[in-house]
Amino acid sequence: MSDDSRPDADADLNAAALAYHETPRPGKTGVEITKPAATQRDLSLAYTPGVAEPVRRIHADAQAAYRYTNRGNLVAVITDGTAVLGLGNVGALAGKPVMEGKAVLFKRFADIDVFDIEVDAETPEAFIETVVRIAPTFGGINLEDLAAPHCFDVEQALIERLDIPVFHDDQHGTAIIIAAGLLNALELQGKALADARIVVLGAGAAGIASIKLLIELGADPQRILTVDRRGVIHSGRDDLNRHKAEIAVETDRRSLEDAFQDADVFIGLSGPDLVTRAMLAAMAPRPIVFALSNPVPEIRPEVAFEVRDDLIMATGRSDYPNQVNNVLGFPFIFRGALDVRASRINNAMCIAAVHALKDLTREPVPASVLEAYGLDALTRGPDYIIPKPLDPRLRDTVSAAVAKAAIASGVARA
Ligand SMILES: NC(=O)C1=CN([C@@H]2O[C@H](COP(=O)(O)OP(=O)(O)OC[C@H]3O[C@@H](n4cnc5c(N)ncnc54)[C@H](OP(=O)(O)O)[C@@H]3O)[C@@H](O)[C@H]2O)C=CC1
Ligand SMILES: CC(=O)C(=O)O
Ligand SMILES: [Mg+2]
C-alpha cells in the first residue's frame, strides 16, 4: 500500500455518480426505434406480414442481415465480471454499470449501438459457448473485464469460431493507447523505446498485451521488468502460467522496489495505491509514469508531482490530464472494422490505430475540445501526450486508419 493512500479523495464524486446512475431513470442506456411505427401500414411493414420478406432474404443469404437488420452497427459488450476495472472479480451483475458505460462511449463517440451482456458463467468454456450462441445478433464482440489468464484462451477460441471481429478491449485497446502515449512521452523526455527500462506492474490482460505490443514496436524485452503479486517475474520462478513465462527475464531483481531502481518508464495495470514516493524517487531522470489502474491509480498525480517535477504522468481517469484509457480505442477501432465489414481486428489494424492516435497530438486542437475541457490552449507536451476522448477528429482519423489497414491486410469484406 502506498504511503499516500487518500481513501476519501473521491467521496463527492462517488455520491454524484450514484445520483447520475439513478436519475431521472435507472441506468445509462435504452433502445430506440429507427423506423416509422405510427400507422397500420407501418406495422404491416415492421412486423407481420412485411417482416417475413427480409427473413426470407436472410435465410437465402446470411449477408443480407447487414442490409435488413441492425447487425452491421450493433456490438455486444460482454463480460463475465471477473476483472471489473481494478475492483476484481465482482461478478457479472455488478459489472453492468461498466458495460453500460462502454455502451455510452461506443454510441457517443462512434455512433455504434451496443447491447451490454453480463454472463454468469461457471467456466470459460460456458462463457465461450454463450458468446458463440448469441453472435448472430451482432456485427462485433467487445470482450470486457475478463480476468487473466482465462481471457487469453477465451478471446482466441472466439476469434477462431466466429467470422466477426472479436476484441478483448482490456488487452488490445489498452495496449494501443499505452503505446501511442508512450511513444509521444518518450520523445518529449528525449528517450528511445529500444533503450528504455520499463517496469510493468500487473501481468494480467492489460499488462501482458501491452508488453507484447511494446516489444513489437521496438522495446527491448530484456529491459522490461514485469511485476505481479509475488514480485518480479523472472525466469527462476516456478509458479508462472505460460503467458507470464513468455515475458519472464533473467534478473536478480525481486521486488517492486528493486524494479523501480533507475527505471525510465512505469506502467501500472494492477490496483490502487501500490506505488510509493520512494519508488518514484528511485526512477531515472525524466521518467514516465502511467498509473492506469481504475478507478484509483497506482499513485495519484498530485502525490507524484510532490516527489519530482521532471516526470510525465498519465492515469486512466477523466479528471486528470493525459487520460491513457481504452476509450480512445474501442469506439474508433470498431467503427473502422464495421465500416469495411472486417472479419477480424488484426495486428495491422491495431498498429494503424497507435500511429493515428500518436500523430493526432501534433495537429492544432479544435476549439470545441478546449471548451469541453475548460482549457485556453493545448499543444503537444507533458500534459498532452494523447488526444482527448472528446476530440471529434478521433472518429474520422482513427477509424479511417483502421479501415484502411483492414483493407490492406485483406480482412475487409465490404
Ligand atoms: N486505463 C485503462 O485503459 C485500463 C486500465 N486497466 C486497469 O488495469 C488493472 C488490471 O486490469 P486487467 O489486466 O484487466 O486485470 P487482470 O485481473 O487480468 O490482471 C490484474 C493483474 O494485476 C496484478 N495485481 C493486482 N493487484 C496487485 C497487487 N496488489 N500487487 C501486484 N500485482 C497486482 C495481478 O497479479 P497476479 O497475476 O499475481 O494476480 C494481475 O497480474 C485494473 O486496475 C484496470 O482498471 C485495465 C484496462 C484498461
Ligand atoms: C478502462 C478499462 O477498461 C478498465 O479499467 O478495465
Ligand atoms: Mg476494462
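Ligands are counted one by one from 1 in listed order, and the atoms in each one are counted from 1 as well. Quick caveat, the model's predicted, so the values are computed rather than measured.
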Centroid-centroid under 6.0 Å between Phe266 and Phe260 rings: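 Yes, close enough.
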Which atom names give the shortest non-hydrogen contact between Thr82 and Asp80, and what distance separates them?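 Closest approach of Thr82 to Asp80, heavy atoms only: OG1-OD1, 2.7 Å.
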Of all heavy-atom pairs between Ala377 and Leu370, which one has the smallest distance, and what is that distance?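 Looks like C-CD2, 3.8 Å.
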Rounded to the nearest 0.5 Å, what's the gap from CG on Leu183 to CD1 on Ile178? Could you check?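 Interatomic distance, Leu183 CG to Ile178 CD1, rounded to 0.5 Å: 11.5 Å.
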Take a 6.0 Å sphere around NZ of Lys404 and say whether it holds more than 12 heavy atoms from other residues, nucleotides or ligands.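 No, the 6.0 Å shell around NZ holds no more than 12 heavy atoms from other groups.
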Neighbour count >12 (heavy atoms, 6.0 Å) for atom CZ, Arg230: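 Result for CZ/Arg230: open.
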Parallel, tilted or perpendicular: ring planes of Phe332 versus Phe109, cut at 30 and 60 degrees: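 Phe332 and Phe109: tilted rings.
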In terms of relative ring orientation, are Phe106 and Phe330 parallel, tilted or perpendicular, with 30° and 60° separating the classes?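 Ring orientation, 0 to 90° scale: tilted.
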Count, excluding waters, the protein N, O or S atoms that are closer to the Mg ion (ligand 3) than 2.8 Å.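 Excluding waters, the total comes to 3.
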Measure the shortest side-chain to side-chain distance between Val411 and Met349 over non-hydrogen atoms and say whether it is less than 4.5 angstrom.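 With C-beta onward as the side chain, the pair touches.
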How about Tyr384 and Thr361: do any of their side-chain heavy atoms sit closer than 4.5 Å?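 The answer is yes; the side chains approach within 4.5 Å.
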For ligand 1, the residues whose heavy atoms come within less than 4.0 Å (ordered by chain, then number):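 Shell around ligand 1 (4.0 Å, heavy atoms): Ala83, Leu85, Gly86, Ala147, Ala148, Asp170, Thr174, Leu201, Gly202, Ala203, Gly204, Ala205, Ala206, Asp228, Arg229, Lys244, Leu269, Ser270, Leu274, Leu292, Ser293, Asn294, Gly316, Val324, Asn325, Asn326.
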Tell me yes or no: between the side chains of His172 and Glu155, is some donor less than 3.5 Å from an acceptor?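 Checked: His172/Glu155 side chains pair up, N/O donor to acceptor below 3.5 Å.
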For Asp264, run the side-chain hydrogen bond (donor to acceptor under 3.5 Å, both in side chains) check against Arg197, Lys191, Gln189 and tell me which one passes.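 For Asp264, the side-chain hydrogen bond (donor to acceptor under 3.5 Å, both in side chains) check succeeds only for Lys191.
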For Lys358, all residues meeting side-chain hydrogen bond (donor to acceptor under 3.5 Å, both in side chains), sequence neighbours excluded: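 side-chain hydrogen bond (donor to acceptor under 3.5 Å, both in side chains) list for Lys358, sorted by chain: empty.
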Amino acids in close contact with ligand 2, where any non-hydrogen atom sits under 4.0 angstrom away: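 Under the 4.0 Å cut-off, ligand 2 touches Leu85, Lys102, Glu144, Asp145, Asp170, Asn294, Asn325, Asn326.
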